[in-house]
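Excluded from the calculations below are hydrogen atoms, water molecules and symmetry mates; all remaining heavy atoms, backbone and side chain alike, are included.
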Amino acid sequence: MSASAFALPDSFVVAPLSTAEFDPATAATADEVIAAGPESVYHRLIGDQESEAVFLLARHVLNGFLGAAEETATEADGEQEADRLADRLAERTAEVRRQITGMLRPLHEAESRVRDAVLAQRAPLALIGGCWLDTVSQPATQPATVVNRLVRHQFVWRGEGNPRRGLHHLRGRALEEQDVFLPEVTAPDFLRQAEARPLTAWHGAYRLALARLPATFLPEVAGTHYVLAALGVDELLLGTRPMLTEADLRATLADYLALAPPPVRSRVCAAVTRTLAMEREHVRLLADVAAWHAGLSLDAQVARIVARHAPFAGKQHRNVRVGGKPLTERFHAPDFDLAGFLADFRASPQMKPRDGGCRFLQAIKFGGPMFGIFDEGEAATFQKWAEAIAAGDPPGPGLTPNPAGDDAAYALGEAIAAPPPGVRFGTAARGDDRAFLHRLVNIENFPGTLPLARANAEDGLARAEILFEHGGDGVLTDASWFDYSPEALNERVDRIYWDKLVNPYQPLTEIPDRDEVIFHQTTFALGSMIDGAWAHRIGATGRYTRRSDGMLYSIYADEMGRGDLTKNHITLIYRVLASLGIEVPHLRDTAFLDQDELPDHLYGFSLFQLSLALFPDSLYDEILGYNLGIEMFGLGTMRMHEMQKLRHHGFDVAYEEAHLAIDNLSAGHARQSAEIIIAYLHDVAKLSGADAVPLHWRRIWRGYASFAYFIEHDLVAGLARRDPVDLVI
């Protein structure tokens with residue numbers, strides 16, 4: 001076997017490339033987001049997983065957090081024996097957990113409004129828990145041993161395919177059970193509603209940055225994952241049970257350290273050190289937030305409420321005067337004096353005590369002109385304030401700014417704004433198919449390729465629409481157009497299964513010779529080596545809410561063996577190739593650019609799938625349709641014939657057997673793929689109305705057609721001969 005050939009088990013521990021190429025214009029975009037502040041960075045990282053800018057933002061954030069931490073790592077850290085090093089890191093983590101447990105105890109005993117503020121402050125971190133594993137499984141990292149351990153953890157955290165049983169949902173429900181109600185994490189006002197401090201937003205940005213670059217920063221993902229899961233700050237705060245055991249987490253860390261060379265081990269140690277410091281820092285922030293809220297006088301609490309609502313005071317208040325001036329004039333003044341207003345309001349007729357309560361309290365009750373403006377907690381605060389005024393209590397201290405974490409946040413902002421190392425700027429070139437494949441697989445290192453990937457995906461989808469008219473002539477597919485209904489979709493799926501995949505089957509009476517069987521397998525191998533790639537970005541944090549998200553993620557998890565290497569489909573295809581005597585480097589390696597085992601003329605299918613996969617938000621519908629096509633392809637005549645040929649020559653049939661079993665039409669991936677579409681379009685109709693369904697359906701079906709376009713070679717070739725201008729093969 002050549003030195004560059006890939007062999008199982010996959011001992012991958014970090015991306016072989018460390019630099020990244022960006023379009024020159026991306027730098028200005030990233031700088032603009034960073035200049036807008038940590039809230040802007042957090043929102044961009046969680047709301048955008050498709051643009052070049054987020055990859056550069058992620059590098060900025062990680063460099064800002066880890067630059068100093070890497071300097072503290074020593075050679076001795078990397079040289080320690082793996083199990084001993086894992087135990088040492090675990091002991092440090094356990095000690096910090098004991099410290100944090102003590103620091104959190106007073107927060108549990110605080111009054112409800114203080115405790116609610118603390119929980120809301122932690123929510124921007126709690127509700128993105130596990131985000132660092134979002135794309136840890138990808139074509140560049142599979143079928144790595146440690147990545148599959150992490151996939152198993154991710155599968156647990158994602159509720160085994162049920163979003164409502166997933167970590168994010170369980171934590172959100174725990175918050176609501178404690179009367180903390182917040183928007184979705186991707187909502188524009190999420191951080192504002194949580195009253196997130198800048199330091200909280202930066203800490204969240206660190207987690208989200210790892211989610212964008214997990215192959216390049218896998219040592220940091222491994223160290224951060226262990227610390228955050230083993231410390232369990234959010235479980236301690238919310239009173240929930242951990243979904244992963246410390247023993248399992250430690251074993252995964254030890255496995256990674258055992259595979260990693262000393263420099264990579266040092267990076268893991270640095271990440272552990274940095275993450276422990278971050279969690280201590282954030283718990284101190286929570287204590288400071290609690291102290292600030294606990295120290296607010298009634299007047300200061302009222303001032304906070306007024307400040308929150310003042311910008312929304314409309315013309316309906318123009319006849320209401322406080323201190324001799326209309327409310328609208330005071331609230332909308334550029335130099336609005338909150339303390340002065342509160343003093344005037346305290347002495348105003350609206351707050352003057354009288355039977356049945358003051359005029360203001362009457363106004364905010366049911367039937368009053370201001371009913372519904374203030375929530376229950378705010379109304380209760382006003383009630384206490386009115387009672388204090390009636391009792392003759394003097395004004396309390398005014399509202400002062402909350403400085404919690406600001407010094408640390410400022411320092412981080414300075415570090416994050418600095419240019420990260422390893423970044424190059426230039427216009428991306430597609431190159432030949434091999435070069436383009438290399439860039440797509442290693443997209444973390446070639447983000448400038450994203451526009452080319454978008455164009456490739458859109459071009460493939462557009463060309464495939466010709467099969468809306470001619471797809472019925474396909475041998476293994478039928479992409480001809482039909483109007484959607486659940487019944488019509490199931491009928492089409494059943495008809496394709498029986499008429500095109502099953503009924504035509506007859507055992508081969510003649511088996512091709514050994515070399516022909518091997519060559520035929522090489523024409524499929526490249527596509528099999530990226531098995532599941534079309535769905536590897538589905539279900540990212542903030543997007544794992546719909547039934548269709550969980551169902552499609554479950555299919556991807558199955559393709560990856562749910563973390564079991566022996567069931568991982570990419571492991572299986574490498575087993576088959578080994579039985580054929582075919583040895584190639586891994587797709588991620590530059591050596592793959594020079595491999596000569598797989599034919600050059602069939603790269604288009606894999607290039608399209610990898611391109612499509614990079615746009616899981618904007619091309620979600622198309623991915624659902626593509627998924628249906630590829631999962632049905634695992635059934636019937638083609639698979640049975642391949643198994644017959646492989647067995648005849650004594651080759652491994654594990655890959656073919658796995659697909660025939662798991663893709664079955666009764667309850668397997670083929671049937672699930674139709675059910676995913678039905679569930680998704682049901683949600684579309686429910687949220688957007690029945691009129692929106694046809695548009696989404698057309699996009700879904702062109703996704704199916706795009707798969708058929710690459711499979712039906714003879715049909716597409718015939719159409720190309722008839723109309724060579726519009727079609728390429």
Side-chain angles (χ1 to χ4, degrees), residues 46-50 127-131 133-135 137 154-173 175-176 181-188 190 208 211 484-486 489-490 493 532-560 562 612-631 667 669-704:
I46 199 169
D48 176 6
Q49 60 173 336
E50 297 184 353
L127 296 179
I128 62 169
C131 65
L133 299 183
D134 277 356
T135 56
S137 175
Q154 181 191 53
F155 189 63
V156 172
W157 272 349
R158 287 190 176 177
E160 299 183 358
N162 183 343
R164 294 182 61 81
R165 295 193 329 207
L167 180 67
H168 304 153
H169 184 83
L170 295 178
R171 287 182 176 176
R173 194 162 62 208
L175 284 168
E176 291 176 356
F181 298 92
L182 294 168
E184 294 287 336
V185 291
T186 54
F190 170 69
L208 293 165
Y484 171 77
S485 71
L489 175 59
N490 280 323
V493 167
W534 67 92
H536 82 274
R537 290 175 177 261
I538 294 297
T541 302
R543 298 160 182 81
Y544 191 62
T545 55
R546 300 166 291 198
R547 281 194 301 155
S548 54
D549 300 330
M551 295 165 76
L552 187 51
Y553 167 72
S554 288
I555 285 181
Y556 178 70
D558 284 346
E559 302 286 342
M560 299 303 108
R562 298 189 178 186
L612 187 68
L614 292 173
F615 304 99
D617 295 338
S618 56
L619 296 179
Y620 183 86
D621 298 61
E622 287 79 0
I623 289 172
L624 296 187
Y626 185 90
N627 177 70
L628 175 65
I630 203 165
E631 293 300 344
H669 288 178
R671 178 60 64 194
Q672 292 168 27
S673 298
E675 291 171 348
I676 290 170
I677 294 170
I678 292 169
Y680 172 65
L681 291 178
H682 171 76
D683 288 343
V684 168
K686 184 170 63 175
L687 295 173
S688 303
D691 291 345
V693 170
L695 176 61
H696 287 271
W697 167 244
R698 182 177 182 85
R699 292 181 54 194
I700 289 170
W701 200 243
R702 78 173 185 151
Y704 175 85

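- The two residues Tyr556 and Ser137 make their nearest non-hydrogen contact at OH-OG, 2.6 Å.
- Using a 4.5 Å heavy-atom threshold, the side chains of Leu489 and Trp697 count as touching.
- Here the straight-line distance linking atom SG of Cys131 with atom OH of Tyr544 works out to 15.5 Å at 0.5 Å rounding.
- Put simply, CZ on Arg547 and CG on Leu552 are 14.0 Å apart, with the number rounded to the nearest 0.5 Å.
- Within a 6.0 Å radius of CZ in Arg173, more than 12 heavy atoms belonging to other residues, nucleotides or ligands are found.
- The two residues Ser554 and Gly161 come nearest to each other via the heavy atoms OG-CA, 3.0 Å.
- For the atom pair Tyr620 OH and Leu612 CG, the distance stands at 13.0 Å (nearest 0.5 Å).
- Residues Trp157 and Leu170 form no side-chain contact, since every pair of their non-hydrogen atoms from C-beta on lies 4.5 Å or further apart.
- Checked options Thr186, Asp549, Asp617, Asp134; the residue passing with Arg543 is Asp617 (criterion: side-chain hydrogen bond (donor to acceptor under 3.5 Å, both in side chains)).
- Closest approach of Thr135 and Ala211 over heavy atoms only: OG1-O, 2.9 Å.
- The distance from atom CZ of Arg702 to atom CZ of Arg698, rounded to the nearest 0.5 Å, is 8.5 Å.
- Note that the CZ atom of Phe155 and the CG atom of Leu133 stand 14.0 Å from one another [nearest 0.5 Å].
- The distance from the CG atom of Leu175 to the CG atom of Leu182 is 6.5 Å, given to the nearest 0.5 Å.
- Within 6.0 Å of atom CD in Glu176, more than 12 heavy atoms from other residues, nucleotides or ligands are found, so the atom counts as buried in its surroundings.
- Side-chain contact between Ile555 and Ile538 is absent, with no heavy-atom pair separated by less than 4.5 Å.
- The two residues Phe190 and Pro183 come nearest to each other via the heavy atoms CD1-O, 3.4 Å.
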>> If you apply the rule side chain to side chain contact (heavy atoms under 4.5 Å, CB included), what do you find for Leu619 with Tyr626, and how did you get there?
In response: CA-CA 10 Å; Leu619 296 179; Tyr626 185 90; over 6 Å; no
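- Here the shortest heavy-atom pairing between Arg537 and Ala613 reads CD-O, 3.4 Å.
- Side-chain N or O atoms of Glu50 include one that pairs as donor or acceptor with a backbone N or O of Ser618 at under 3.5 Å.
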List the atom pairs, with distances to 0.1 Å, where a side-chain N or O of residues 671-680 and a protein N or O form a donor-acceptor pair under 3.5 Å, not counting sequence neighbours.
unit_1, atom_1, unit_2, atom_2, d
Arg671, NE, Leu665, O, 3.0
Arg671, NH1, Asn490, OD1, 3.2
Arg671, NH2, Asp494, OD1, 2.8
Gln672, NE2, Ala667, O, 2.9
Ser673, OG, Asn627, ND2, 2.9
Ser673, OG, His669, O, 2.6
Tyr680, OH, Asp621, OD1, 3.1
Tyr680, OH, Asp621, OD2, 3.2
Tyr680, OH, His696, ND1, 3.2

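- Tyr553 pairs in a side-chain hydrogen bond (donor to acceptor under 3.5 Å, both in side chains) with only one of the listed residues (Gln154, Glu160, His536, Arg158), which is Gln154.
- Counting all heavy atoms, side chain and backbone alike, Leu681 lies closest to Val693 at O-CG2, 3.9 Å.
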